[in-house]
J.: 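The structure under discussion is supplied below as C-alpha cells; questions concerning it will follow.
In this text the structure is predicted, and so the values were computed from the model without any measurement. By convention here, the first residue in the shown sequence is residue 1.
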Amino acid sequence: MTTEATAPPTGAPTTAAPWVYLDGDVIPASDARLTPSTQALNYGTGVFEGIRGYWHGDHGRLYVVRLREHFERFAASCAFLRLDLPGGAGPGDLADITVELLRRNAHRGHTYIRPLAFKRAFEPGVPFGVKLRGVTTSVSIHTVPMGSAPTGPGIRCGVSSWRRIPDTSLPARAKITGGYANNALAVDEVQAAGFDDAILLNHAGTVAEASTSNVFLVRRGELITPPPSADILEGITRGCVAEIAREELGADVTQRHVARSELYTADEVFLTGTGVEIRPVREVDGRAVGRGEPGPVTTRLAEVYARAVRGEDERFREWLTPVAL
Ligand SMILES: Cc1ncc(COP(=O)(O)O)c(C=O)c1O
C-alpha cells in the first residue's frame, strides 16, 4: 500500500485538509470523487470512526487519542459489514497511514480524523441488488481542523421519541453509516423543540445514548452508565472516563440499565464522546439536572480528561500517539 502523493493539492479552498488517503494513495482532497452508483451512498453500507488529535504548541506535537483502539473498533465494524480492508491492512497499518497523513497535512491545531470504509461497486458479473458480497471496498481517511469546546455551562438535552435501533436490527456497537439516520432523526426532532442534543431510549425503554455520545449520571455518589446491552456504541471516551474515575476519584463506574426518570433525579448528567469530549448536561426535558450547572464530579473528570488528551498527565500517556509537526 503506497501513501505517496504525486501532485500538489488543487481546487477551491475548503475547510478540510488538503490531502486525503484513498485506497492506498494520498491524493489531493479535490481529486477524491465518487459516483452516484457508489453502493454505500445508496444503502448505507459503510463504517467509520471519529478520532481526535490535540495540538500542543509547546511540545510541537499533535497527540492523537487512542488511535489503535479506534482502528480496532473500525476493523471490527468492517468485518461486520464484510468490508475487506485492502491488502489485509490491520489496525496498525491504518494507524501508520493516519500518522503519515497528519504529517502531510501539517495542521498545527486540534484535528478531527475521519476514517471511512464503504461498499463501492459491484464486482464484474455481480447482478444489481442490495448485498454485502460481490461488492468492492474502498477506504478513505480525511482530516479536518476542529477546536476543542470549553466545558461551558452545560447543554440542554431532550429525550427523543425515536428509539435507538436495537442490536437485533442494526447493532449500535458497529459504527455503520446507514444507522446514523436514526441519530439524525432524533437530533432533528429535539433541536426543533429547542434542545441542544437528543438522548435516545432503547426498545426496552431504558436510556441508550445521546446522538453521538454515551450518557453518564451521578446519583447518590455513584457513577453510572448504561451497559453495552442497552444498544449503545461502546465508546472509547467512555472507557477513558472509567480509567480517570478509578485513578482520580478511586471510584468504579457501575454499568446498569438506567430509567429515563433517573435522568430527572440525577445529581449530575454528562455525555462522553470523541467529538463532544466530556460535556455536562444541565437540563433534561426542561428539568434542571441537580442545580442546573456542571456538578463537581463532571467538572473534575472533564479537567483531567482535557489535560490527559493534551499530553499533560503522565498517568494517561499511553492513550496518546504523538505526531511531531
Ligand atoms: C452513537 C455514538 N455513541 C457514542 C459515541 C462515543 O464514542 P467515542 O467515545 O468512541 O467517540 C459516538 C461517537 O463516536 C457515537 O456516534
Side-chain angles (χ1 to χ4, degrees), residues 1-34 40 46-79 83-118 120 136-148 175 177 236-237 240 274-275 308-311 316-325:
M1 197 177 287
T2 162
T3 53
E4 279 310 303
T6 52
T10 55
T14 157
T15 51
W19 298 99
V20 301
Y21 169 85
L22 181 64
D23 294 334
D25 294 303
V26 172
I27 61 172
S30 52
D31 288 357
R33 296 182 187 281
L34 296 175
V47 303
F48 68 103
E49 272 303 319
I51 309 171
R52 261 189 191 267
Y54 289 85
W55 173 247
H56 196 302
D58 293 344
H59 296 183
R61 286 175 171 187
L62 192 65
Y63 289 109
V64 185
V65 183
R66 308 211 97 157
L67 185 57
R68 176 84 193 194
E69 287 89 339
H70 278 283
F71 278 119
E72 280 166 2
R73 188 169 69 184
F74 186 68
S77 298
C78 285
L83 289 154
D84 303 317
L85 292 168
D93 304 305
L94 294 165
D96 291 346
I97 290 167
T98 301
V99 168
E100 194 177 330
L101 181 66
L102 290 167
R103 289 211 183 98
R104 179 71 61 88
N105 280 325
H107 176 61
R108 292 173 176 78
H110 302 325
T111 301
Y112 186 77
I113 303 152
R114 167 55 56 83
L116 178 68
F118 56 100
R120 189 144 190 179
T136 63
T137 295
S138 269
V139 179
S140 68
I141 306 174
H142 71 274
T143 68
V144 201
M146 184 183 279
S148 167
K175 259 178 103 64
T177 56
I236 289 170
T237 320
C240 293
T274 298
V309 295
R310 288 163 175 78
F316 307 107
R317 207 53 186 259
E318 91 264 15
W319 294 355
L320 308 177
T321 300
V323 181
L325 297 177

J.: Can you name the closest pair of heavy atoms from A40 and G46 and give their distance?
T.: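 Scanning both residues, the minimum pair turns out to be CB-N, 4.1 Å.
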J.: Is there a side-chain contact between T274 and V65 (heavy atoms, below 4.5 Å)?
T.: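 SC-SC contact between T274 and V65 ruled out.
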J.: Rounded to the nearest 0.5 Å, what separates atom CZ in F48 from atom OG1 in T177?
T.: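 Between F48 CZ and T177 OG1, I get 7.5 Å after rounding to 0.5 Å.
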J.: Can you name the nearest heavy-atom pair linking C78 to A117, along with the distance?
T.: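 Scanning both residues completely, I find the closest heavy atoms to be SG-CB, 3.7 Å.
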J.: Atom CG in L85, atom CG in L94: separation rounded to 0.5 Å?
T.: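 Here the interatomic distance stands at 6.0 Å.
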J.: Y63 and side-chain contact (heavy atoms from CB on, under 4.5 Å): which single residue from H56, R52, H110 fits?
T.: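 Testing each of H56, R52, H110 against Y63, the sole residue satisfying side-chain contact (heavy atoms from CB on, under 4.5 Å) is H56.
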J.: Salt bridge check, R73 against E69: does any charged N sit closer than 4.0 Å to a carboxylate O?
T.: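 Result for this pair is no, no salt bridge flagged.
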J.: Could you tell me the separation between the CG atom of L62 and the OH atom of Y54, rounded to the nearest 0.5 Å?
T.: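 These two atoms lie 10.5 Å from each other.
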J.: Looking at every heavy atom in both I97 and Y21, which two are closest together, and how far apart are they?
T.: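 In this case the closest contact between I97 and Y21 is CG2-CD1, 3.4 Å.
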J.: Has T111 got a side-chain atom pairing as donor or acceptor with G53's backbone, closer than 3.5 angstrom?
T.: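 Checked: no pair found.
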J.: Can you sort out the partners of H107 under ring-ring contact (aromatic ring centres under 6.0 Å, His included), two or more places apart, ordered by chain and number?
T.: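 For H107 there are no ring-ring contact (aromatic ring centres under 6.0 Å, His included) partners, ignoring immediate neighbours.
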J.: Is there a donor-acceptor pair closer than 3.5 Å between any side-chain N or O of S138 and the backbone N or O of F118?
T.: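 Answer holds: no.
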J.: Between V20 and A32, what is the shortest heavy-atom contact and its length?
T.: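 Closest approach of V20 to A32: CG2-CB, 3.9 Å.
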J.: With no hydrogens and no angle check, is any side-chain donor or acceptor of R317 less than 3.5 Å from a backbone partner on G311?
T.: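 Yes, R317 side chain to G311 backbone: donor-acceptor pair under 3.5 Å.
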J.: Restricting to non-hydrogen atoms, name the atom on N105 and the atom on T143 that form the minimum distance, rounded to 0.1 Å.
T.: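 So the two residues come closest at ND2-OG1, 3.1 Å.
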J.: If you measure from CD1 on I141 to CD1 on I113, what distance do you get to the nearest 0.5 Å?
T.: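 So the CD1 of I141 and the CD1 of I113 are separated by 8.5 Å.
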J.: Evaluate side chain to side chain contact (heavy atoms under 4.5 Å, CB included) for V144 paired with R114, printing each intermediate quantity in order.
T.: CA-CA 8 Å; V144 201; R114 167 55 56 83; 5.8 Å; no
J.: Between P86 and V139, is there a side-chain heavy-atom distance shorter than 4.5 Å?
T.: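 The answer is yes, as the side chains (C-beta and beyond) meet within the 4.5 Å cut-off.
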J.: Please output the side-chain donor-acceptor pairs of residues 318-325 that fall under 3.5 Å, not counting sequence neighbours, one pair per line with the distance.
T.:
residue: W319; atom: NE1; partner: E243; partner atom: OE1; Å: 3.1

J.: Listed by chain and number, what are the salt bridge (Lys or Arg N to Asp or Glu O under 4.0 Å) partners of R103, not counting sequence neighbours?
T.: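 Testing R103 for salt bridge (Lys or Arg N to Asp or Glu O under 4.0 Å), a comparison that skips the adjacent residues, returns none.
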J.: Minimum heavy-atom separation for W19 to V26, with atom names?
T.: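 Here W19 and V26 meet closest at CB-CG1, 3.8 Å.
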J.: Taking atom CZ of R310 and atom CG of D58, what is their separation to the nearest 0.5 Å?
T.: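 R310 CZ to D58 CG: 12.5 Å, rounded to 0.5 Å.
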J.: Is there a side-chain contact between F316 and C240 (heavy atoms, below 4.5 Å)?
T.: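 In short, these two side chains do not touch, never coming nearer than 4.5 Å.
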J.: Any donor-acceptor pair under 3.5 Å linking the side chain of D25 with the backbone of L22?
T.: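 No: the side chain of D25 does not pair with the backbone of L22.
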J.: Could you state the interatomic distance from CD (E72) to CG (L67), rounded to the nearest 0.5 Å?
T.: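 So the gap between those two atoms works out to 10.0 Å.
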